[in-house]
Structures are given as structure tokens and as C-alpha cells.
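Reading through the C-alpha cells given below for one structure.
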Amino acid sequence: MAYNDLRDWIAALERAGELKRIKTEVDPILEITEITDRLSKAGRGGNLPGMTAGGPALLFENVKGHPGAQVLINQFGSARRMNLALEVESFDSIAERIHQFMDVKSPQGLLDKIKMLPMLADLGKFFPKTVSSGPCKEVVKKDKFSLLDLPVLQCWPKDAGRFITLPCVITRDPKTGKRNVGMYRMQIYDERTAGMHWQRQKIGAEHYRERMRAATAASGEGSANRSAAVDIMARSSGGSVLAEGPRPAGKMEVAVAIGTDPALTFSAIVPAPPDVEEYMIAGFLRQSPVELVKCETVDLEVPANAEIVLEGYVNLDELRTEGPFGDHTGFYSLADEYPVFHLTCMTHRRNPVYATTIVGKPPMEDAWMGKAVERIFLPLMRVTIPELVDVNLPVEGIFHNLMIVSIKKSYPGQARKVMNAVWSLGQAMFTKCIIVVDEDVNVQDIADVTLKALNHIDPERDIQFTLGPVDSLDHASRLPNFGSKMGIDATRKWPSEGFNRPWPDEILMDEKTRALVDKRWKDYGIE
């Protein structure tokens with residue numbers, strides 16, 4: 001049964017013994033971060049021995065400067081809670097459901113069509129539905145409201161200020177009308193404005209570019225000016241140097257939902273195809289449609305059960321310095337120019353719960369979310385890369401710095417084909433280092449990967465470099481958003497790949513001896 005809203009989810013966490021309520025007064029400036037960071041690293045090299053890896057979810061009920069406010073954090077901060085959030089025993093069950101839908105063949109006759117009816121009925125459950133009103137409209141504020149009323153955290157000492165870190169940012173494609181729900185941090189500037197940190201590869205940024213193209217075309221400017229305006233936008237909304245030049249006037253409507261049910265919050269971070277709405281993905285994950293309501297001041301639909309909704313717009317001709325911000329890389333992302341969100345209306349539930357997260361040196365809450373994405377979307381990667389056996393994005397590799405891939409190798413040069421295929425897949429294009437190993441290597445076992453990969457490579461022969469787009473947060477690249485990437489072919493080399501030496505066998509004990517020792521282990525008196 002799907003969680004109706006954040007409060008339903010909080011109750012489930014409490015029943016499962018996964019929630020800790022903090023009644024002591026805490027400061028949203030740095031203190032909540034330090035508490036949460038210690039718990040996030042508990043049980044995994046942290047300084048709180050005996051704690052379960054990731055620590056509990058935390059509900060702060062006494063926030064300094066915000067009487068009556070509640071702050072929820074670390075809600076996804078363990079493997080168990082991620083499974084609870086998506087209401088599964090294992091992420092593999094979701095991956096299998098995705099595989100089943102992708103494996104559907106065109107019906108050949110009446111019987112095949114009849115067999116498809118249950119699946120089509122299931123699909124109907126996923127579509128969002130618009131309702132007349134919802135809990136997010138319990139309080140509607142069109143005047144006398146402020147972003148500073150929210151208990152927004154300053155996470156790290158050198159952050160530029162307070163940042164909303166777990167927002168579901170809703171935009172609409174001006175060409176197709178499709179909605180997108182993305183998660184882009186928002187720096188609070190003042191009572192009514194915030195930074196909108198959508199990097200250039202994000203769908204929200206593409207919607208913004210489309211608005212600019214349309215506004216420039218409507219202004220009657222020549223093609224050269226239109227191209228210049230679009231180029232300026234592309235370079236300014238992606239974490240790079242702002243170019244000089246004209247920008248078209250106009251606005252783009254934006255809505256922000258804070259504190260949604262866990263499936264919807266998770267859906268805002270998944271690398272979904274641009275044509276698939278996150279509301280649909282959330283419906284698929286929760287097996288129940290997301291209920292939406294119309295906004296008060298913008299033409300967008302938002303989750304009816306959200307705790308807080310911010311309505312507003314960004315100007316097409318306005319940028320402002322955003323950052324620095326302590327990021328999931330473990331370093332501060334640098335200040336840069338991004339669009340500005342202007343608040344026109346705030347709606348919320350009575351006594352709303354403010355949901356947030358922190359990022360920094362891993363492991364933290366986002367690590368568990370990222371691992372869930374890795375497992376759930378493996379079937380989609382196999383559509384393009386059918387030889388793929390398994391994938392590991394190590395937490396310490398912060399997901400875009402390292403990907404370990406095992407493949408069923410069947411022809412020479414296949415590892416290099418796989419590297420290039422990965423670099424062609426959506427967000428995977430930012431992967432800095434890819435290690436490709438044979439199918440008998442357990443990519444989830446870093447010790448196994450290290451032993452076999454380093455034994456199997458001749459560095460000059462097996463490492464290749466390429467140039468292309470890199471993550472905006474990559475502070476080491478030669479240019480913002482552009483740099484080099486490395487692929488390592490750590491598979492066994494074949495004669496058809498120019499390797500004519502014998503390849504040694506791995507040292508393994510025979511099964512008969514292993515079974516004998518297993519049987520006699522207690523007789524040895526070792527334990």
C-alpha cells in the first residue's frame with residue numbers, strides 16, 4: 001500500500017524503529033549537519049561504533065529561530081530505509097518489473113491481446129490524476145510570507161548561505177507540454193528570491209533554453225542574435241563562465257514541492273528519459289497514481305499531499321552568483337552564475353514538516369539513493385548494452401567518477417565498445433573512469449576488482465582516454481563542463497586482440513577439498 005504523504009512515511013519509519021525524534025533545541029546553521037553527518041557515517045568508518053550503517057532518520061522538533069517547525073533528514077540514509085521507502089524487499093524486484101514491461105512483444109493475435117490486458121490495466125494505475133484540492137492548500141499565502149520562514153539549513157561553514165536541498169522542482173516543456181520534476185538545490189538570497197541551480201544537462205535547464213529560444217524568436221531578432229542568446233544561456237546555466245551578450249526578456253514558471261511521499265522524492269533524482277514524466281515514474285514505483293492540484297499563481301500542477309509548495313518564476317534575462325556549496329564530491333562546488341527564482345505564492349499544510357538532506361564526503365544519505373538508482377535501472381542499461389552483467393558505482397567514486405562494469409565478452413575490442421556505449425547514456429556520459437572486467441569478477445567486491453583488474457592490464461595497451469562533457473561539479477577538468485575521461489580494459493586479453501602469451505589460471509582450491517574441510521572444520525578445534 002503506497003504511502004499517502006510524508007507523514008504516512010514518517011509513521012512507517014517510526015513503526016520500523018528507523019526514526020529518532022530530537023527534542024533538544026538545535027541550530028539549522030551547521031549544527032543539524034554535524035549531528036546528521038556523524039550518524040550518516042556510523043557503522044562505516046564513523047565515530048559511533050555499534051550504530052547501524054547510516055544511522056536513523058532524524059526528526060528535529062525544536063529548531064532554533066523557528067518555533068513549532070519540524071525538520072526531517074536522513075530519511076533515505078540506509079539500505080533498509082531505501083527498501084522501506086519503495087516498499088520492496090529488494091531493489092531487484094523493481095528492476096524485474098521494469099524488465100517485464102520492456103520485454104513486452106507486439107501482440108500477434110486476439111489471445112496475445114487478451115493476455116496483455118492485465119499489464120495495460122497496471123499501466124493505467126501509474127498515470128497521475130488531478131484533484132480539486134489537497135492538504136498542500138491548507139494554508140495559502142499570497143502576501144506576508146517569506147522564504148526565511150522555512151527552517152532551511154546552512155550545511156557547511158563556507159556555504160554561501162542557506163540552501164533548500166531536497167526540492168522537487170516542477171517545470172513544463174514549452175514545446176510538448178510535458179512536465180518535469182527535477183531536484184536542484186536552491187540558495188536562499190532573501191525573503192522572495194533563491195538561486196535555481198539547474199546544471200546544463202538537466203531537463204529544467206533545457207526547458208529554460210527552450211523558453212529563451214522562443215522568446216528570442218518572438219522578438220524578431222536575426223538568427224545570429226538568436227544563436228548568441230542560446231549560447232549565452234547554455235554557458236551560464238551549466239556551471240561555467242558567463243559570456244557577455246544579450247538575453248531575451250520573458251519569464252518561465254516554476255513550482256517547488258518540499259516534503260513529498262518518498263517515491264516521488266526519489267523519482268526526482270532518477271535518470272529518466274526526457275519524455276517520461278517523473279509523476280509517472282513515481283506512480284510506477286508506488287503502484288498508485290500521484291494526486292496533483294493546480295497551483296494558485298502559475299500554470300503548473302504540484303503534488304496534492306506535499307508539505308510545502310513554492311510558486312514562482314525565473315526571468316530569462318536574469319542571472320546571479322550562486323554558491324559556493326559543500327557538495328557530494330566532498331569539496332565545495334565553486335560560485336557561478338545561475339537563474340533566480342522569484343516567489344509569488346507559498347502554500348503548505350498546517351504545521352508543515354520541512355524535508356531536507358545534506359551532502360558531503362561519502363557515505364551520506366545520497367549514497368543510498370544512488371545505489372538504489374544503480375540497481376533499479378540496470379535493466380535499462382542492458383537495453384543498449386546487452387552484454388552487461390553487472391555495474392557498481394562505488395560510493396567513494398561519488399557516482400560520476402568511477403563505474404565498474406562486468407561484461408560477457410564474446411569478441412575482441414568489446415570492452416572498448418562498452419566504454420563508449422556507457423559514455424553515450426544520459427547522465428552516464430559524465431563518468432570519469434570506467435573499468436571493464438570479465439563476467440566472473442564480482443564488481444560489488446572492490447577487493448576482487450582490484451586484484452583482477454590490476455593484474456590483467458598492461459597500462460599503455462589497455463587504458464584509453466577520450467574528451468567530452470564532464471560533470472559541472474568536476475573541479476579538476478581543464479575547462480568547466482569539458483575534459484577527459486578514462487576507460488580501462490581489464491578483461492582477459494585474447495590472441496585476436498594481439499595477445500599471444502599464455503593467460504594464467506586463477507588460484508582456486510578444488511571443490512572436493514573445500515567440501516572436506518567444510519565438513520571437518522569443527523574437528524580441527526580452531527574455533
### Task
Please work out whether the ring planes of Tyr208 and Trp198 are parallel, tilted or perpendicular, with thresholds of 30° and 60°.
tilted
### Task
Using a strict 4.0 Å threshold on nitrogen-to-oxygen distance, state whether Lys417 and Asp489 make a salt bridge.
no
#### Entry: Spacing of OG1 belonging to Thr466 relative to CE belonging to Met419, to within rounding of 0.5 Å
11.0 Å
### Query
Are side-chain heavy atoms of Phe430 and Lys485 found at a separation under 4.5 Å?
no
### Arg179 vs Glu278 side-chain heavy atoms within contact, under 4.5 Å
no
#### Entry: Val71 side chain reached by Thr356 side chain, heavy atoms, under 4.5 Å
yes
### Query
Are Asp327 and Arg185 close enough for a salt bridge, meaning some N to O gap below 4.0 Å?
yes
### Query
Are Met369 and Met82 close enough that some pair of their side-chain heavy atoms sits under 4.5 Å apart?
yes
#### Entry: Under 3.5 Å: donor-acceptor pair, side chain of Arg286, backbone of Tyr3
yes
### Query
Salt bridge or not for Asp440 and Arg492, using N-O below 4.0 Å?
yes
### Query
Taking side chain as C-beta onward, heavy atoms only, is Ser484 less than 4.5 Å from Arg478?
yes
### Task
For Thr431 and Cys433, indicate whether the former's side chain and the latter's backbone hold a donor-acceptor pair under 3.5 Å.
no
### Task
Using a 4.5 Å cut-off on heavy atoms from C-beta on, say whether the side chain of Lys202 contacts that of Asn180.
no
### Test log, rule side-chain contact (heavy atoms from CB on, under 4.5 Å), inputs Val405 and Leu388
CA-CA 7 Å; Val405 179; Leu388 203 61; 2.9 Å; yes
### Query
Got a salt bridge between Arg213 and Glu206, using NZ or NE/NH1/NH2 to carboxylate O under 4.0 Å?
yes
Can you give each donor-acceptor pair under 3.5 Å made by side-chain atoms of residues 515-526, sequence neighbours left out, with the distance rounded to 0.1 Å?
unit_1 : atom_1 : unit_2 : atom_2 : d
Trp521 : NE1    : Glu527 : OE2    : 3.4

### Task
Quick one: pull up CG in Leu86 and CD1 in Ile94 and give me the separation to the nearest 0.5 Å.
4.5 Å
### Backbone of Pro271 reached by a side-chain donor or acceptor of Gln427 within 3.5 Å
no
#### Entry: Under 3.5 Å: donor-acceptor pair, side chain of Arg80, backbone of Ala16
yes
### Query
What distance separates Glu322 CD from Glu337 CD, expressed to the nearest 0.5 Å?
10.0 Å
### Backbone N/O of Gly323 and side chain of Gln187: donor-acceptor pair under 3.5 Å
yes
### Message
Could you report the tightest heavy-atom contact between Pro379 and Arg375, atom names first, then the distance?
### Response
CD-O, 4.1 Å
#### Entry: Interatomic distance, Ile398 atom CD1 to Phe331 atom CZ [nearest 0.5 angstrom]
8.5 Å
### Query
Parallel, tilted or perpendicular for Trp9 and Phe76, by the 30°/60° rule?
parallel
### Query
Has Arg461 got more than 12 heavy atoms of other residues, nucleotides or ligands less than 6.0 Å from its CZ?
yes
### Query
What distance separates Glu396 CD from Leu402 CG, expressed to the nearest 0.5 Å?
10.0 Å
### Query
Could Arg416 and Glu497 be called an ion pair, given the rule that one side-chain N must be under 4.0 Å from one carboxylate O?
no
### Task
Answer with yes or no after comparing the ring centroid distance for Phe163 and Phe325 against a 6.0 Å cut-off, counting only values under it.
yes
### Query
Would you say Thr33's side chain and Cys155's backbone share a donor-acceptor pair under 3.5 angstrom?
yes
### Task
Indicate yes or no: at least one non-hydrogen side-chain atom of Val373 is less than 4.5 angstrom from one of Ile269.
yes
### Query
Looking at side-chain heavy atoms only, is the closest gap between Glu365 and Arg81 below 4.5 Å?
no
### Summary
Here the gap from Ile407 atom CD1 to Asp438 atom CG, rounded to the nearest 0.5 Å, amounts to 7.0 Å
### Summary
On a heavy-atom basis, the closest approach of Asn481 and Asp471 is OD1-C, 4.5 Å
### Query
Where is the tightest heavy-atom contact between Phe482 and Leu467, given as atom of each residue plus distance?
CZ-CB, 4.0 Å
### Task
Could you tell me which non-hydrogen atom of Pro303 sits nearest to which non-hydrogen atom of Ile170, and how far apart they are?
CD-CD1, 4.3 Å
#### Entry: Minimum-distance pair of heavy atoms, taken over all atoms of Pro56 and Asn74
O-ND2, 2.8 Å
### Query
Less than 6.0 Å separating the ring centroids of Tyr332 and Trp156?
no
### Task
Decide yes or no on side-chain contact (heavy atoms from CB on, under 4.5 Å) for Arg172 and Lys178, but give the supporting numbers first.
CA-CA 6 Å; Arg172 192 188 302 278; Lys178 288 186 179 295; over 6 Å; no
#### Entry: Salt bridge present between Asp462 and Lys493 (N-O < 4.0 angstrom)
yes
### Leu30/Gln154 under side-chain contact (heavy atoms from CB on, under 4.5 Å): CA gap, chis, key distance, verdict
CA-CA 6 Å; Leu30 304 182; Gln154 178 180 339; 4.2 Å; yes
### Task
Output, in order, the C-alpha distance, side-chain angles, deciding distance and verdict of side-chain contact (heavy atoms from CB on, under 4.5 Å) for Thr165 and Val359.
CA-CA 9 Å; Thr165 55; Val359 292; over 6 Å; no
### Whether over 12 other heavy atoms sit under 6.0 Å from Lys361 NZ
no
### Task
Please report the C-alpha distance between Asp390 and Arg382 in whole Å, then the side-chain angles of each, then the deciding distance to 0.1 Å, and finally whether the salt bridge (Lys or Arg N to Asp or Glu O under 4.0 Å) criterion is met.
CA-CA 9 Å; Asp390 200 3; Arg382 287 180 177 144; 5.4 Å; no
### Taking every non-hydrogen atom, the tightest pair across Glu374 and Leu393
OE1-N, 2.8 Å
